[in-house]
Amino acid sequence: MAHEIKVFNNLSRSKEAFKPIQPGKVGFYSCGPTTYDFVHVGNGRAFVVGDLIHRIFLALDYKVTYVRNFTDVDDKIIERANELKVGALEHAQKYVDEVLTDMDSLGMLPATHTPKVSDTMPEIIEMVKTLIEKGYAYEVEGEILYSVPKFKEYGKLSKINLESLQHGIRVEVDGKKQHPSDFVLWKPAKPGEPSWDSPWGKGRPGWHIECSAMSKKFLGDSFDMHHGGIDLMFPHHENEIAQSEAANGCQFSGCWVHNEFLNFGSEKMSKSLGNVVTIRKFVQEFGGEILRHMLASVHYRSKMDWSDDVIKRALDEVERLHVFALEVSNMKVGEHESGLSELEACLPKMRDELANDFNVPTAQLAFYSFMKTVNREYQGKQPSAKVLKIIKETIEFFTLATGLIHQDASAVLEKVNAAKGKLSGKAGSLDDAAIEQLIKDRGEARANKDWATADKIRDQFKAAGIVLNDNPDGTVSWSYE
Ligand code: AMP
Ligand code: ZN
């Protein structure tokens with residue numbers, strides 16, 4: 001049976017028991033990226049949070065239909081494609097593929113459906129038609145606008161009231177609009193823009209309608225949870241609610257979750273501010289496992305800062321996790337059975353933490369304490385079949401729910417080592433052959449009790465940012481500090 005979950009629902013601004021429409025089943029929608037360029041690590045935070053929610057539902061025994069869209073029809077895409085003198089849809093598809101590659105390197109599970117706007121035109125047009133028929137939308141010069149004052153509950157998610165909007169400075173003046181908050185559902189295409197036939201002539205949709213149409217297509221009129229970055233709450237999500245509830249006549253999403261920003265210094269990381277690190281660049285330099293770890297280690301409702309310290313901490317933790325995974329994979333069944341109750345307690349504890357508003361960081365703490373117990377009780381001792389089963393099941397659960405342990409532990413450890421070298425700026429000052437030779441020389445010096453030479457070699461390693469580990473089996477391994 002599915003485990004009960006509590007979630008901070010932004011509709012009520014309170015933590016609530018999560019009650020899906022059908023017990024044990026979740027319809028989950030997450031707003032995806034606009035594909036006009038490589039995406040940045042701030043977008044990556046939204047992707048990883050969506051993936052964590054998906055995984056946690058699965059780990060807590062829910063059946064999930066997960067929909068994450070691609071905005072492939074948009075002003076920014078058209079602008080960029082025109083600059084590059086390529087077709088807008090072709091340009092957008094190139095970056096859909098690039099984003100999918102990035103998502104893969106972040107260890108994300110595939111979503112159930114990943115619709116694109118360009119594939120959803122009939123559904124979008126149908127919904128705009130319904131809104132006109134029901135009196136929620138009007139036409140001005142081939143443009144269809146949503147009449148915000150007609151939707152009496154407007155502002156129920158963002159807690160913004162229409163009066164304050166009308167007098168606010170944020171609202172632009174547009175002669176076509178009956179009310180300054182009215183927004184575009186469909187606009188006539190200009191020459192050189194992609195366009196689709198509609199009852200209002202050739203045109204293309206406004207931004208907000210796509211998510212209302214896509215969620216209806218794959219999840220129905222009402223579904224259980226909607227996610228996006230906090231910047232999307234207003235106006236995007238408020239407008240989605242207005243469109244869907246007016247068109248369908250029932251509640252749209254029962255629960256709304258928003259991840260906080262990833263900040264760079266004191267500012268949100270965003271393309272327009274120009275302070276971006278792309279996922280692709282970071283992954284090429286350090287590895288997707290490290291980025292995932294950084295993004296998953298802060299609770300989704302807390303702000304997160306980007307810094308070298310955060311990268312360093314992630315490197316150490318990814319290393320600890322994969323050294324542990326490697327040690328466990330080498331364990332054989334023996335007789336030893338100690339620390340049993342501590343070990344058994346970890347999995348239910350992680351379940352409870354994750355069921356408490358998707359608290360990945362506290363679940364991680366429970367897992368670290370579990371690793372400590374295994375290391376303390378089973379150093380050089382082989383666990384009984386019962387204990388080994390508990391250890392493996394606990395790792396399996398943690399892996400499914402967080403995606404923080406990866407299959408090829410040795411490959412991850414190599415990446416961590418290379419990343420540490422790059423971050424310290426000392427990588428490459430000694431190449432692999434020189435390191436091996438120095439380790440050999442040090443071994444000989446020590447065997448000859450030539451402490452002066454051994455010390456000199458130790459200093460050389462220190463200057464190169466390298467630490468040596470004398471292993472119990474007599475071999476020597478090395479890593480960057
Ligand atoms: P966009 O392509 O701008 O619509 O963004 C895709 C997703 O990334 C949305 O859910 C945004 O809210 C989210 N996002 C954009 N910038 C950041 C940031 N700096 N930190 C966290 N999430 C972000
Ligand atoms: Zn959306």
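Note that this is a predicted model, so its numbers are computed, not measured. Values below: every heavy atom of this structure, side chains too, minus hydrogens, waters and symmetry copies. Atoms within each ligand, like the ligands themselves, are counted from 1 in listed order.
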At a 4.0 Å threshold, what atoms of ligand 1 neighbour a non-hydrogen atom of [X]?
X: Glu260; value: 21 (C)
X: His40; value: 16 (N)
X: Asp231; value: 11 (C), 12 (O)
X: Gly229; value: 10 (O), 12 (O)
X: Asn259; value: 21 (C), 22 (N)
X: Ala46; value: 7 (C), 8 (O), 10 (O), 13 (C)
X: Cys31; value: 10 (O)

Within 6.0 angstrom of Lys134 NZ, more than 12 heavy atoms from elsewhere:
yes
Using atom types as modelled and distance alone, determine if a side-chain donor or acceptor of Ser212 lies under 3.5 Å from a backbone N or O of Glu240.
yes
So does Glu123 get a backbone contact from the side chain of Thr120, meaning a donor-acceptor N/O pair under 3.5 Å?
no
Among the N, O or S atoms of Glu240, which one sits nearest to the Zn ion (ligand 2)?
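Of all N, O or S atoms belonging to Glu240, OE2 is the one nearest the Zn ion (ligand 2).
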Given Phe223, which of Tyr66, Phe218, Phe252 fulfils the ring-ring contact (aromatic ring centres under 6.0 Å, His included) condition?
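The single option meeting the ring-ring contact (aromatic ring centres under 6.0 Å, His included) with Phe223 is Phe252.
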Are Arg320 and Tyr368 in a cation-pi setup, meaning NZ or CZ lies under 6.0 angstrom from the ring centre and within 45 degrees of the ring axis?
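Judged by the rule, Arg320 and Tyr368 form a cation-pi pair.
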Can you check whether Asn43 has an N/O within less than 3.5 Å of an N/O in ligand 1?
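N/O-N/O distance under 3.5 Å: yes.
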Output yes when the distance from some N or O of ligand 1 to some N or O of Leu262 is under 3.5 Å, and no in every other case.
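By distance alone, the answer is yes.
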Any His237 side-chain heavy atom under 4.5 Å of Cys31 side chain:
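They are in side-chain contact.
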Of the side chain and backbone of Leu232, name the one, both, or neither that has a heavy atom under 4.0 Å from an atom of ligand 1.
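Leu232 to ligand 1: side-chain contact only, backbone stays beyond 4.0 Å.
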Would you check if the Zn ion (ligand 2) lies under 2.8 Å from any N, O or S atom of His236?
yes
Does Cys211 put an N, O or S atom under 2.8 Å from the Zn ion (ligand 2)?
yes
